[in-house]
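By convention in this document, chain letters (A, B, ...) are assigned in the order of the sequence lines, proteins followed by strands, and residues within each chain are numbered from 1.
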Protein chains: 2
Amino acid sequence: MTDSPTKPRREQIQDAASRLFSERGYHATSMRDLAGELGMQGGSLYAHISGKEDLLIEIVNGAAQQFDEALFSLRDLDLPADAKLREAMFRHITVVADNMESATVFFHEWKHLSPGAYRRVIGWRDTIDDFYRGLVEQGVREGTFRPDLDVKMTAYLILSAVNWSYTWYRPGGSLTPRDVAEGFAATLLSGLRTGGDRP
Amino acid sequence: MTDSPTKPRREQIQDAASRLFSERGYHATSMRDLAGELGMQGGSLYAHISGKEDLLIEIVNGAAQQFDEALFSLRDLDLPADAKLREAMFRHITVVADNMESATVFFHEWKHLSPGAYRRVIGWRDTIDDFYRGLVEQGVREGTFRPDLDVKMTAYLILSAVNWSYTWYRPGGSLTPRDVAEGFAATLLSGLRTGGDRP
DNA sequence: CCTACCGATCGGTAGG
DNA sequence: CCTACCGATCGGTAGG
């Protein structure tokens with residue numbers, strides 16, 4: 001939330017790129033569009049960056065890093081699986097909510113990265129998958145989650161809930177990330193049906 | 001599954017466009033790329049279509065129509081909410097699974113449509129939202145779903161599960177759309193926790 | 001369906 | 001950070 005009036009130019013460029021790439025897509029945004037947003041000429045951008053893909057890499061890596069930081073510290077925390085699920089979903093949705101634009105770019109444009117950066121994203125995605133699979137396994141092991149759960153599919157269900165939020169969540173609306181995470185986690189843990197609400 | 005050897009040219013173009021748009025994105029696919037896939041020259045495409053956006057509109061409308069057809073006939077079917085949820089998720093995921101490429105284009109590229117087509121997609125999306133919200137309301141009304149459910153959020157959770165499948169589902173893999181829908185619906189209805197599995 | 005071409009625009013650079 | 005420019009490529013058209 002540091003929005004000082006003297007934000008470094010490079011950061012201003014990055015912010016504008018996030019906005020334009022998320023609205024129009026990476027390939028549909030020209031360097032001249034981007035420069036225009038900042039009141040400069042197209043060529044002038046290259047005093048600050050070395051190429052268009054730099055901007056995309058920075059956005060995607062930044063998003064990946066935020067998800068990583070949010071979840072990594074949770075991995076070895078000594079919490080029961082249900083509490084850990086709630087907290088993970090809260091953190092995951094918070095990253096999306098606090099970075100709607102770069103999250104959108106992340107989900108839509110990472111396939112357009114060149115091979116090296118592309119592979120890094122795949123690796124990151126697998127790490128996140130593993131995190132949620134480990135969480136489900138923990139719950140089953142502890143006996144709090146149903147033993148018949150398909151671990152991969154259950155992890156995908158959780159990931160669906162937290163990731164898809166980039167399409168509909170509106171920061172500043174009536175729902176906080178906490179509301180969404182608690183609501184989603186409650187349903188995932190206890191189900192839609194009337195009955196066993198408290199563990 | 002009609003893959004006759006004499007598929008009309010226009011259809012071949014549409015298929016190739018779905019594939020390329022889903023892999024590279026709409027703006028990153030050139031008409032010459034597309035023509036090359038079919039062994040023709042760039043300009044020759046315009047004997048069959050009137051513009052690049054035609055192809056995108058056709059893909060997006062086709063996908064929207066498939067979702068519509070799958071769900072619309074369910075709306076007034078006399079089924080309890082839980083059975084209807086299972087069936088809706090099955091049909092929804094089946095559309096995604098049977099049309100992985102156009103589903104991907106649909107979710108990623110509809111924002112690049114010109115105003116008219118854009119508005120139609122918004123309208124369609126709202127219809128789908130309403131369908132799932134109505135389903136949740138029905139369950140609450142019938143007393144089978146928890147009365148404290150937030151209808152909108154619950155509908156978003158269901159939509160997350162079925163829509164996000166375009167990112168991970170692999171046709172021909174070990175999971176059928178039926179497996180996924182049944183697994184997801186079981187967890188959504190009864191929860192991850194051990195305990196009240198049967199209603 | 002091809003050849004040949006249109007004006008526009010692209011990402012990026014040189015030189016200041 | 002600007003001016004002026006590069007070669008490449010874009011979507012699309014004319015005329016056959």
Side-chain angles (χ1 to χ4, degrees), chain A residues 4-61 105 108-118, chain B residues 4-61 105 108-118:
Chain A
S4 61
T6 47
K7 219 172 192 180
R9 205 83 235 233
R10 170 66 211 240
E11 226 172 289
Q12 295 178 23
I13 296 173
Q14 206 64 50
D15 289 351
S18 290
R19 194 169 62 253
L20 292 185
F21 290 176
S22 71
E23 285 168 3
R24 309 181 191 176
Y26 175 66
H27 282 105
T29 303
S30 75
M31 296 307 273
R32 285 159 184 80
D33 290 340
L34 182 56
E37 288 279 305
L38 299 157
M40 34 159 93
Q41 299 301 314
S44 307
L45 286 169
Y46 293 85
H48 301 95
I49 61 168
S50 72
K52 189 183 184 185
E53 201 189 359
D54 275 15
L55 297 167
L56 180 56
I57 290 177
E58 178 84 10
I59 294 169
V60 169
N61 284 355
V105 175
H108 280 195
E109 315 287 352
W110 69 273
K111 287 207 172 184
H112 303 144
L113 289 167
S114 47
Y118 183 92
Chain B
S4 62
T6 46
K7 218 172 193 179
R9 204 81 235 234
R10 170 66 210 241
E11 227 173 289
Q12 294 178 24
I13 296 173
Q14 206 63 49
D15 289 350
S18 291
R19 194 170 62 255
L20 292 185
F21 291 177
S22 71
E23 286 169 2
R24 309 181 191 178
Y26 175 67
H27 282 106
T29 303
S30 77
M31 297 307 273
R32 285 158 183 83
D33 290 340
L34 181 57
E37 288 280 305
L38 299 157
M40 36 158 96
Q41 299 302 313
S44 307
L45 287 168
Y46 294 86
H48 301 93
I49 61 168
S50 72
K52 189 182 182 185
E53 200 188 358
D54 275 15
L55 297 167
L56 181 56
I57 290 177
E58 178 84 10
I59 295 169
V60 169
N61 284 355
V105 175
H108 279 196
E109 315 287 354
W110 69 273
K111 287 208 171 181
H112 303 145
L113 289 168
S114 48
Y118 183 92

Pairs touching residues 31-40 of chain B that satisfy side-chain hydrogen bond (donor to acceptor under 3.5 Å, both in side chains), sequence neighbours left out: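 side-chain hydrogen bond (donor to acceptor under 3.5 Å, both in side chains) check on residues 31-40 of chain B returns B:Arg19-B:Glu37, B:Arg24-B:Asp33, B:Ser30-B:Asp33.
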How many angstroms lie between atom CZ of A:Arg9 and atom CD1 of A:Ile49, to the nearest 0.5 angstrom? 12.5 Å
With rounding to the nearest 0.5 Å, note down the distance linking NZ in A:Lys52 to OH in A:Tyr26. 5.0 Å
Under a 3.5 Å cutoff on both atom distances, Watson-Crick or G-U, what's the dot-bracket for DNA chain C ([ ] crossing, | other strand)? ||||||||||||||||
Whether each nucleotide of nucleotides 2-16 of chain D has a protein heavy atom under 4.0 Å at its base (B), only at its sugar-phosphate (S) or at neither (-) is summarised, 5' to 3', as BB------SBBB---
Sequence neighbours excluded, the answer for side chain to side chain contact (heavy atoms under 4.5 Å, CB included) partners of B:Gln14 is B:Arg10, B:Leu55, B:Glu58, B:Ile59
Partners meeting ring pair (Phe, Tyr, Trp, His ring centres under 6.0 Å) with A:His112 (sequence neighbours left out): A:His27
With sequence neighbours left out, write down each residue that passes ring pair (Phe, Tyr, Trp, His ring centres under 6.0 Å) with B:Tyr46, or none if nothing qualifies.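 Partners of B:Tyr46 under the ring pair (Phe, Tyr, Trp, His ring centres under 6.0 Å) test: none.
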Please check: side-chain N/O of B:Lys111 versus main-chain N/O of A:Ser22, any donor-acceptor pairing under 3.5 Å?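 No; zero donor-acceptor contacts below 3.5 Å.
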